[in-house]
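Quick one: the structure is below, and I'll ask about it shortly.
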Amino acid sequence: MSECVFQRYRHHVLAVVRELLPDVAEETLARVELTPTRDPAHGDMATNAALLLAKAARRKPADIAADLVAALQKVEGIAAVAAAGPGFVNITLQPGVLRAVLPVVLGVGEAYGQSQAGRGVRVNVEYVSANPTGPMHVGHCRGAVVGDALANLMAKAGFDVTKEFYINDAGNQVKALAWAAYWRYLQVLGTTMAQDDFSALAPGGLQYQGDYLIPVGEALAAEFGNKLAEVGVDGTPLPAPDATWLQTVRGFAVTHMLGAIKEDLAALGVHHDVFSSEADVLARGVTDAAIDQLAKADLLYNGVLEPPKGKLPDDWEEREQLLFRSTSFGDDVDRPLRKSDGTNTYFANDIGYHMDKVARGAQVMIDVWGADHGGYVKRMKAAVKALTGGAVPLEVLLCQIVHILRDGQPVKMSKRAGTFVTLRDLIDEVGRDAVRFTMLTRKSDAQMEFDLDLVVAQQRDNPVFYVQYAHARCRSVLRSAAEEGAYGAVDNAGLASAALDSLTSDAEMALVRRLAEWPRMVEAAALAREPHRIAFYLAELAGDFHALWNRGRDDASLRFLQTGAVEATRARLALVAATATVIRSGLAVMGVDPVEEMR
RNA sequence: GCGCCCUUAGCUCAGUUGGAUAGAGCAACAGCCUUCUAAGCUGUGGGUCAUUGGUUCGAAUCCAAUAGGGCGCGCCA
């Protein structure tokens with residue numbers, strides 16, 4: 001039996017419908033919903049069945065609704081049924097059915113809401129995938145949080161989730177990183193060479209001039225001494241031919257940068273299961289195999305592309321190149337797979353990488369990207385569709401830009417001005433939990449304003465605080481009850497057996513209803529790939545709890561702890577403990593730690 | 001020029017995949033609170049869901065066009 005009351009009663013509704021209308025197609029039945037009502041006056045739940053079936057049955061919705069009402073009245077646990085509006089059927093449950101959610105929550109704990117809806121389908125969620133050329137900056141933050149929460153959410157909804165990070169360690173960027181690290185190495189060795197002279201040697205000039213590469217230069221010197229350099233006539237270290245050091249330094253620098261990124265991710269509470277290397281995928285021949293497969297399917301050709309409209313690149317020249325027919329799969333133009341120097345484009349390697357994910361067993365791939373990669377979505381989906389025939393869908397979640405505000409004014413990201421640019425700075429300023437929660441308070445395809453003052457404010461309108469405060473209040477009540485020692489066992493196991501008949505007020509039942517919605521919320525959010533819904537659910541749950549708490553302000557008899565009334569108090573404590581449990585369950589999906597008390 | 005995303009109350013945003021009278025917080029207004037549970041509480045007002053057309057029993061939600069904002073547009077990743 002499902003722990004989700006909506007799912008249970010949906011089955012009741014379907015059983016009644018099948019009896020009433022035996023000929024209705026299964027796919028029509030699949031669209032029958034049983035949803036919480038928005039207005040409590042409409043009962044606890046409502047179904048659209050009559051509206052949905054009217055056409056198939058060639059009857060008026062109101063007639064079907066009337067039949068449903070008559071049949072549903074006999075179902076166990078239903079206190080009242082009524083047809084309403086254009087053909088809805090509203091159901092009011094016996095209070096005991098709703099209250100029964102409390103022992104369920106207390107019994108399974110934070111696992112409450114765990115669903116089998118995903119049926120163990122293997123989902124690969126790839127997120128962050130920052131270039132290993134430096135520490136993470138705030139631009140990476142939203143994707144990291146959204147991807148991590150989405151992966152947690154889908155795991156809770158019953159998918160078999162792999163969290164993956166793609167390391168772009170095969171392109172020109174990491175070559176430039178190697179040159180920059182090599183320059184720091186030469187400096188550590190005491191070179192007298194001028195930076196401009198070195199910059200002239202490096203392809204594309206000297207990039208990545210931040211201080212963060214100094215430790216890498218020092219580590220290179222500690223490990224290799226002066227073996228990677230040449231010694232000039234005056235004994236000063238000079239650059240050696242890059243063939244003698246580039247590969248070594250590149251691997252060394254990438255390892256260091258990846259270590260820094262992993263530290264940043266750990267500070268954010270993000271942990272990936274798999275780190276995949278672009279260079280490794282390439283070396284194993286996966287990319288070549290994918291390109292071969294495209295060639296055999298006659299999806300590659302040599303051709304010349306039109307120049308892009310709008311701004312023309314300065315160095316534009318017509319050139320024939322190897323193109324993939326992505327237009328056959330919904331893209332706007334065909335896309336190149338080879339650069340002029342004969343090496344693969346990033347796109348070509350990314351095709352290989354996605355095929356590697358498929359080879360490792362992914363049945364659904366979800367990539368979390370920044371908005372600046374929006375123009376890349378169609379071609380990647382086209383390639384995956386061409387190679388898997390649609391058997392393994394690729395979904396892309398784009399995270400729009402985050403604007404950081406202080407005092408309502410945009411914060412300019414500038415190293416020179418001393419305003420922060422790194423993810424670590426952001427975490428240090430407002431804290432990991434505030435960063436994670438706040439990043440989930442908007443749907444990811446909308447731009448977001450991140451107000452540094454608001455996210456740490458202890459006010460009603462800060463959902464981070466509001467939710468944490470609700471949990472702290474729950475814990476505070478339970479601590480007080482334990483200290484008084486007059487209410488028996490007040491842990492979850494002890495409270496699971498509490499008699500609950502005394503929970504009857506609107507505020508109490510509203511909270512019970514909200515707790516009953518949690519499993520449904522998990523499934524809906526996971527199927528929609530919308531982890532932000534969890535944040536909003538928790539804010540509403542916290543609101544219900546605070547409302548209940550506030551009743552006790554004016555009327556002492558409505559407080560949770562009632563000296564002398566052990567039975568009634570235990571019922572209320574069960575409600576409080578269940579609320580705390582669901583808040584923890586939700587925060588766990590978001591990767592936020594619950595607090596025991598506010599300070 | 002083309003593609004993708006966004007536009008909901010004065011402000012910041014939700015809206016359970018097409019359902020009933022479109023919601024929450026802030027701000028505004030009215031009242032309460034000298035802390036046994038006020039890092040506040042109760043209530044009120046506030047809307048052409050950017051605009052126009054379409055799809056149907058029903059549209060903020062789906063489709064098309066228009067306006068405004070954002071992101072992007074061979075050989076970067």
_Which label fits A:Phe536 and A:His532: parallel for a plane angle under 30°, tilted from 30 to 60°, or perpendicular past 60°?_
perpendicular
_Can you tell me which nucleotide in B:rA20, B:rA77, B:rU16 comes closest to the side chain of A:Pro36?_
B:rU16
*Of the nucleotides B:rA14, B:rU17, B:rA77, which has the atom closest to the A:His532 side chain?*
B:rA14
*Which parts of residues 367-380 of chain A get close to RNA chain B, meaning a heavy atom less than 4.0 angstrom away?*
A:Ala371, A:Asp372, A:His373, A:Tyr376, A:Lys378
*Taking atom types as they are modelled, is there a donor-acceptor pair under 3.5 Å from the base of B:rA20 to the side chain of A:Asn90?*
yes
*Hey, is the side chain of A:Asn131 poking within less than 4.0 Å of OP1 or OP2 on B:rA77, counting only N and O atoms?*
no
*Respond yes when some side-chain nitrogen or oxygen of A:Lys443 is under 4.0 Å from OP1 or OP2 of B:rC5, and no when none is.*
no
Between protein and nucleotides 39-46 of chain B, what N or O pairs are separated by less than 3.5 Å?
{"residue": "B:rA39", "atom": "O2'", "partner": "A:Gln458", "partner atom": "O", "Å": "2.4"}
{"residue": "B:rA39", "atom": "N7", "partner": "A:Tyr469", "partner atom": "OH", "Å": "3.2"}
{"residue": "B:rA39", "atom": "N1", "partner": "A:Gln458", "partner atom": "OE1", "Å": "3.2"}
{"residue": "B:rA39", "atom": "N3", "partner": "A:Gln458", "partner atom": "OE1", "Å": "2.3"}
{"residue": "B:rG40", "atom": "OP2", "partner": "A:Arg460", "partner atom": "N", "Å": "3.3"}

*Closest nucleotide among B:rC76, B:rC5, B:rU16 to the A:Gln400 side chain*: B:rC5
*Report the nucleotide, chosen from B:rG69, B:rG3, B:rA77, that has the shortest atom-to-atom distance to any side-chain atom of A:Gln447.*
B:rG69
*More than 12 heavy atoms from other groups under 6.0 Å of CG on A:Asp506*: no
*If we call it a pair only when both distances are under 3.5 Å in a Watson-Crick or G-U wobble match, what pairs with B:rU17?*
none
_Protein-nucleotide distance (A:Arg38, atom CZ; B:rA14, atom P), rounded to Å_ = 16 Å
*Parallel under 30°, tilted from 30 to 60°, perpendicular over 60°: which one fits the rings of A:His137 and A:His140?*
tilted
*Which nucleotide in the set B:rC13, B:rG15, B:rC75 lies at the smallest distance from any side-chain heavy atom of A:Glu449?*
B:rC13
